[in-house]
Amino acid sequence: MSKCRSCGEAAVIDLPRHNANFCAEHFQQLCRRQLSKAITDFEMFTTDDRILVAVSGGKDSLALWDMLIDAGYQTDGLYVGLGIGDYSSDSGAITRRFAEERGLKLLEVDIRNEHGFDIPTAAGVSGRSPCSACGLSKRHIFDEVTQREGYDVLATGHNLDDEAAVLFGNTLRWDVEYLRRQAPVLPAGNGFGKKVKPLVRLTEREMAAWCVVRRIDYVVEECPMAVGNKHLSYKDALNALDSTSPGTKASFYLGFLDRIRPLLEDSASITAPGSCPRCGAPSATSEEACAFCRLIETTSGHEPIPVRMVLNKKARKLFDAQWGSQHGD
């Protein structure tokens, strides 16, 4: 049986990138240090700030909320009901139970109730990919609620694996504009609120272990609409590299932040957007409705479309293998 590097007791997790094993207590200490370092190094927020945590019912967002409460920050949660069949029903129930058991405040937005559509329907009607329709909707709602309710910052559960995979994809395409914007902190400005990613120094596996150690129930399955998403294949590729050379993902992503992104920032141009004439949110011009309002116009009131029906042929085959053809119908 492996032993904890710090105390010699039985280890609960091995972390090859740290070349060490840890018991439950010292593993939590490691996670707390990594969280604190990210918050401090990137000047994310202080204990005086009101923080809104975007929670989905998954391991990362629930672990983040738990860690911030544990560290003494003022946090509330925001759950967005996306209308993705049983997946959304399960994730909503788990998120509510997490908040209720701990006496935490949870804000909720149901997209269909408040805006007249759900994500599968938006994807099916608008022609957007499911992940594009979802990302657009969540970004708009996150900004809207953060500013309306007077929070200083919105925190999301993006972890090291997520950010390294996004960086990998952007680098393969040499998408300089996206590379310029990829950072653990997006400052407030141009009509947008401040957004932060406190988990960028912690991996997906470490967040799963945090939830196990802290007895946090979470949705285990990936979102069914993400089946076949390139982001998952980028994660697989980086995991393969990390398995033969532990620490590759961390070196790749953190090295980018330290050495490459500052060069891109120096040459980046900042364009102040206009305001959407319908909702007031930032938009390309003040004459044209923002992308979210255009999505509402195209999609709102349409009869719901089942999850499976908006996937392409390849993704549908993978979906059926994982979820069964009746899921979300």
Side-chain angles (χ1 to χ4, degrees), residues 28 30-82 91-92 94-96 98-99 102-109 134-167 181-204 206-208 210-211 214 216 218-219 223 253-254 257:
Q28 290 178 76
L30 172 72
C31 290
R32 292 181 180 112
R33 288 196 301 272
Q34 294 296 328
L35 177 79
S36 178
K37 182 171 176 58
I39 293 170
T40 301
D41 287 355
F42 297 109
E43 299 179 345
M44 293 184 175
F45 43 72
T46 70
T47 52
D48 292 328
D49 290 321
R50 292 183 67 227
I51 304 164
L52 186 62
V53 182
V55 283
S56 65
K59 60 186 179 307
D60 303 305
S61 60
L62 291 180
L64 172 60
W65 199 5
D66 184 60
M67 293 173 79
L68 292 177
I69 291 293
D70 177 67
Y73 291 100
Q74 303 176 59
T75 66
D76 296 326
L78 169 62
Y79 174 77
V80 179
L82 302 170
S91 63
I94 284 176
T95 302
R96 291 181 202 104
F98 176 91
R102 292 160 180 79
L104 303 175
K105 180 180 179 180
L106 177 67
L107 307 179
E108 294 194 52
V109 174
C134 182
L136 168 63
S137 300
K138 288 195 296 187
R139 286 190 298 272
H140 180 93
I141 291 168
F142 290 168
D143 272 316
E144 180 181 60
V145 175
T146 300
Q147 296 187 63
R148 184 185 70 212
E149 300 297 330
Y151 289 94
D152 299 299
V153 59
L154 176 94
T156 60
H158 294 87
N159 58 45
L160 174 61
D161 296 62
D162 295 322
E163 293 304 290
V166 171
L167 176 60
R181 296 199 296 270
Q182 186 171 358
V185 175
L186 293 177
N190 291 336
F192 294 100
K194 185 178 184 180
K195 301 181 186 68
V196 300
K197 302 172 183 177
L199 298 184
V200 292
R201 300 187 62 89
L202 290 158
T203 67
E204 191 170 275
E206 288 158 1
M207 291 300 87
W210 176 276
C211 288
R214 303 276 291 187
I216 298 171
Y218 63 90
V219 176
C223 172
Y253 175 66
L254 297 176
L257 294 181

Residues in ring-ring contact (aromatic ring centres under 6.0 Å, His included) contact with Phe45, at least two apart in sequence or another chain: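 Checked Phe45 against ring-ring contact (aromatic ring centres under 6.0 Å, His included); matches are Tyr73.
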Listed partners of His140 passing ring-ring contact (aromatic ring centres under 6.0 Å, His included), at least two apart: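 By the ring-ring contact (aromatic ring centres under 6.0 Å, His included) rule, His140 matches Phe292.
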Not counting sequence neighbours, which residues clear side chain to side chain contact (heavy atoms under 4.5 Å, CB included) with [X]? List them please.
{"X": "Arg139", "result": "Leu136"}
{"X": "Val166", "result": "Asn170, Gln182, His231"}
{"X": "Ala208", "result": "Lys59, Tyr218"}

Heavy-atom side-chain contact between Leu199 and Leu160 under 4.5 Å: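 Counting from C-beta outward, Leu199 and Leu160 never come under 4.5 Å.
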Salt bridge (Lys or Arg N to Asp or Glu O under 4.0 Å) involving Lys194 - partner list, sequence neighbours excluded: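 In terms of salt bridge (Lys or Arg N to Asp or Glu O under 4.0 Å), with neighbours along the sequence ignored, Lys194 is linked to no residue.
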With sequence neighbours excluded, residues passing salt bridge (Lys or Arg N to Asp or Glu O under 4.0 Å) with Asp60: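 With sequence neighbours excluded, Asp60 shows a salt bridge (Lys or Arg N to Asp or Glu O under 4.0 Å) to no residue whatsoever.
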Electrostatic pair Asp70-Arg214, nearest N-O below 4.0 angstrom: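 A salt bridge is present here (some side-chain N lies under 4.0 Å from a carboxylate O).
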Considering residues at least two apart in sequence or located in another chain, which fulfil the side-chain hydrogen bond (donor to acceptor under 3.5 Å, both in side chains) criterion with [X]?
{"X": "Asp49", "value": "none"}
{"X": "Asp76", "value": "Tyr151"}
{"X": "Arg96", "value": "Glu108"}
{"X": "Thr75", "value": "Trp65"}

Salt bridge (Lys or Arg N to Asp or Glu O under 4.0 Å): pairs with one or both residues in residues 141-158, sequence neighbours excluded: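 Checked against salt bridge (Lys or Arg N to Asp or Glu O under 4.0 Å) - neighbours excluded - the pairs reaching residues 141-158 are Asp143-Lys195.
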From CG (Leu82) to OG (Ser56), nearest 0.5 Å: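 Answer for the CG-OG pair, Leu82 versus Ser56, is 9.0 Å.
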Whether Arg201 side chain and Lys37 backbone form a donor-acceptor pair below 3.5 Å: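 The answer is no, because no donor-acceptor pair under 3.5 Å joins these two groups.
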